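Scope of the values below: all heavy atoms of this structure, side chains included, with no hydrogens, waters or symmetry mates. Proteins come first, then strands; the chains are lettered A, B, ... in the order of their sequence lines, and each starts at number 1. This structure is a prediction, so every number in the text was calculated from the model and none was measured.
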2 protein chains.
Amino acid sequence: MSKPTSHSSPPGARERIVLTALKLFYQDGIRATGIDKIIAESGVAKMSFYRHFPSKNDLIAEFLRRRHEVWMQRFTEAVETKLAQGSGGLEIIADVLRHWFDDPDFRGCAFINTLAETPLPESQQHQIIRDHKASLESYITDLATRLGSPAPQTTASAAMIIIEGTIIRAHMGADPTVCDTCKDLLKRISRSQRKPNESSVKRNEPPLLPGL
Amino acid sequence: MSKPTSHSSPPGARERIVLTALKLFYQDGIRATGIDKIIAESGVAKMSFYRHFPSKNDLIAEFLRRRHEVWMQRFTEAVETKLAQGSGGLEIIADVLRHWFDDPDFRGCAFINTLAETPLPESQQHQIIRDHKASLESYITDLATRLGSPAPQTTASAAMIIIEGTIIRAHMGADPTVCDTCKDLLKRISRSQRKPNESSVKRNEPPLLPGL
DNA sequence: ACACAGATAGACAGACCTGTCTCATCATCA
DNA sequence: TGATGATGAGACAGGTCTGTCTATCTGTGT
């Protein structure tokens, strides 16, 4: 339907708008980025903008969808490459994240950031954000399955917590060693596995190290 | 200096402003909350506002400082109470978080949210946010020490990742079982301890469950 | 040559936002 | 009583934001 999105040389008006939004919304935040700025930077007339996107919200939704596409594409590609090199288990995710954090334009997770800017949980934006994270978790579940995890769902659920936390800490400007800590955590959850709901309270496990 | 902040019955203009900011900034976000709204809701004249806070940024800074105070106070108090009941190790943090998430007004971490709304890492706001997280990590390091952790710094660093990640997932509207997963993760890091840089690859630990 | 579709340029409306300014009110204390 | 200082109410300026509208230009196919 409509335009072929990847065709040839000069990007059309709509594509230029989306590309500019991809950059500015991520860089400065959604509320801080005015339509006028996007219009100016993408070299498009205001009417052209509103022809393609009836309101700013429509552009925000498209921004999130496109960001999802390119982020997932890059992430899975990087993971699969490392995996094909046989360089480890689930913990290779930490290396992929580290590479992302090294990008000078890194400014945290676009979805987490947008979540923080969007109060209403019923909004379309929240839905797209949830879909993105569900998609990521689903991929990691698949990954855990392929790596032979006995409880891939549980592993993925724990991995999501670790990933989100690491992204946040990196965004906060934490020490680069967060990625080491992240890697260590990922190793742990992919080696020993246990379902958190199954009587995890009264399990009798000897502490590996003295104290408490 | 200046006013005694907790004295008696009717809160003064400044205190009402801060209280309203505490509510609205957290609820709707900083950019989305206009000065006019804060003024109206706190029943204060505009000039009174600008006498106490020369600019909105000053109020934002005060908001973050106060939020830090009340959040840390509640958090540490809840943790210490559970600790005094002898109900476990570091993983009691998961229970404290769960209680927080159950608050119907829960809308994620005010500091993470503000971080997402604030592009410049050099800004005063980022500084206060970093200070808050450093303070939290410091408390958890102390906690780990008291619990007999052989490497409290490392434990705290890992715990921070897990905590931030859990908060994010809860804010995303994740399954309530995130807290179980969080608890499980915290248990792991407080029981077996290892510095991530010290040959963590070739340690030989038997998996608790079969597979990989 | 002509029509048409899509783009550009930019004025404009109406709302909202931050911050300034004036004037009236009220409590306290000397 | 009268001075002082903090506050309340609200007009105002100047800027920015989203979204609408008109008028002009350009390329393409017939």
Whole angstroms only, please: what is the [atom1]-[atom2] distance between [X] and [N]?
X       : N      : atom1 : atom2 : answer
B/Glu15 : D/dT7  : CD    : P     : 12 Å
B/Ile17 : D/dA6  : CD1   : C1'   : 12 Å
A/His52 : D/dG19 : NE2   : P     : 16 Å
A/Asn57 : D/dG19 : CG    : C1'   : 13 Å
B/Phe49 : C/dC17 : CZ    : C1'   : 12 Å
B/Tyr50 : D/dG10 : OH    : P     : 18 Å
B/Phe53 : D/dT7  : CZ    : P     : 11 Å

> By salt bridge (charged side-chain N to carboxylate O under 4.0 Å, His left out), which residues pair with A/Glu80, not counting sequence neighbours?
Replying inline: A/Arg146

> With distance as the sole criterion, is a donor-acceptor pair present between the side chains of A/Asp175 and A/Thr177 under 3.5 Å?
Replying inline: yes

> For A/Gln73, what residues pass the side-chain hydrogen bond (donor to acceptor under 3.5 Å, both in side chains) criterion, not counting sequence neighbours?
Replying inline: A/Glu77

> Does the base of D/dG19 carry an N or O that pairs as donor and acceptor with the side chain of A/Lys46 under 3.5 Å?
Replying inline: yes

Between [options], which nucleotide has the shortest distance from any of its atoms to the side chain of [X]?
X       : options               : result
A/Arg51 : C/dG6, D/dT18, D/dA9  : C/dG6
A/Arg16 : C/dT8, C/dG19, D/dG19 : C/dT8
A/Ser55 : D/dG19, D/dT7, C/dT8  : D/dG19
A/Met47 : D/dC21, C/dA7, D/dG8  : D/dC21

> Can you say whether the rings of B/Phe111 and B/His132 are parallel (under 30°), tilted (30 to 60°) or perpendicular (over 60°)?
Replying inline: parallel

> With under 30° as parallel and over 60° as perpendicular, where do the rings of B/Trp71 and B/Phe75 fit, or are they tilted in between?
Replying inline: parallel

>> Within residues 23-38 of chain B, which residues have any heavy atom lying less than 4.0 Å from an atom of DNA chain D?
In response: none

> Less than 4.0 Å between a side-chain N and a carboxylate O, is that true for A/Arg188 and A/Glu91?
Replying inline: no

> Should B/Arg107 and B/Asp28 be marked as a salt bridge (charged side-chain N to carboxylate O under 4.0 Å, His left out) after you check the CA-CA gap, both sets of side-chain angles, and the distance that decides it?
Replying inline: CA-CA 9 Å; B/Arg107 219 186 71 79; B/Asp28 301 330; over 6 Å; no

